[in-house]
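All residue numbers in this chain count up from 1 along the given sequence. Just follow the structure's listing: the first ligand is 1, and inside any ligand the first atom is 1.
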Amino acid sequence: MKGVILISGSGSNLQSIIDNASIIDLKIEAVISNNKDAFGLQRAQKSNIPTHSIDHKSFSSREEFDQSLSQLIDQYNPDIIILAGFMRILTAEFTQKYTGKIINIHPSLLPKFQGLNTHQRALDAGEKEHGVSVHFVTSELDGGPIIAQSSVEVLIDDTVESLAKRVLIEEHKLFPKVIHWYTQGRLKLSGSNATLDGKVL
Ligand code: GRF
């Protein structure tokens, strides 16, 4: 299957997808960032993947940015759009256009800690467990049907950095696995549920 990956930063999840691309039958057609300095763009270039940056600040509205992003994505006619650390809220118009073919990775055990600073918030709340979720994207921020999660124990002396590091290790394993389910045609969005082999997840 053909995928387009959207990033905003370091791109360590992108790297894990690049490293697993042949195993998970994904042809990465392009990597797009809203931040031209995102290190992930260099990772993609190193693997000869076409890259684009579209600066959201040069658009006067969220709608205009999303329309331009959508036009760029459509040039590649992807089967799947992968948000791998893409730090922009997308309009409902955009998410609805790609319903069922856009997935996101979020560093918390959703529905806990939607939005930003998830590791700090998990520590502040005294959580014993924290982790990562992969979900289908809908117009509700970090609120679409959950596909899979992976958890880590929160340790007594954890800092944001140490916790984030352990969660990232799980992210790098979970995301390629979920993408593979999708490229195998096993993972679908059915109404408001994610299903694997026809069974609700
Ligand atoms: C990850 O923690 C991901 O879950 C979140 O943003 C971070 C991106 O990290 N959405 P990276 O750019 O993949 O290293």
Output the list of atoms in ligand 1 that are nearer than 4.0 Å to some heavy atom of S10, sorted by atom number.
12 (O), 14 (O)
Check: L14 N/O within less than 3.5 Å of ligand 1 N/O
no
Please list the nearest protein heavy atom to atom 12 (O) of ligand 1 with its residue and the distance rounded to 0.1 Å.
G11 N, 2.7 Å
What residue and heavy atom of the protein are closest to atom 9 (O) of ligand 1, and at what distance?
N13 ND2, 3.9 Å
Is it the case that E63 and T91 place a side-chain donor and acceptor less than 3.5 Å from each other?
no
Between the side chains of D79 and K2, is the shortest nitrogen-to-carboxylate-oxygen separation below 4.0 Å, so that they form an ion pair?
no
Using a strict 4.0 Å threshold on nitrogen-to-oxygen distance, state whether K199 and D197 make a salt bridge.
no
Starting from atom 2 (O) of ligand 1, which protein heavy atom do you reach first, and at what distance in Å?
E171 OE2, 3.0 Å
Residues D74, K97: salt bridge by 4.0 Å N-O rule
yes
According to the interplanar angle, ranging from 0 to 90°, do the rings of H106 and H135 count as parallel (below 30°), tilted (30 to 60°) or perpendicular (above 60°)?
perpendicular
Regarding ligand 1, does S12 bring an N or O atom to under 3.5 Å of one of the ligand's N or O atoms?
yes
Does a donor on one side chain sit under 3.5 Å from an acceptor on the other, for S12 and H172?
yes
Sub-4.0 Å atoms of ligand 1 with respect to non-hydrogen atoms of G85:
6 (O), 8 (C), 10 (N)
So is I105 close enough to ligand 1, meaning a heavy atom under 4.0 angstrom away?
yes
G9 versus ligand 1: do any nitrogen or oxygen atoms come within less than 3.5 Å of each other?
no
Considering only protein heavy atoms, which is closest to atom 5 (C) of ligand 1, and at what distance to one decimal place?
P107 CD, 3.8 Å
Within less than 4.0 angstrom of ligand 1, does G40 place any heavy atom?
no
In terms of side-chain heavy atoms, does S8 have a donor or acceptor partner in N35 at a distance below 3.5 Å?
no
Distance from F39 atom CZ to I7 atom CD1, nearest 0.5 Å?
10.0 Å
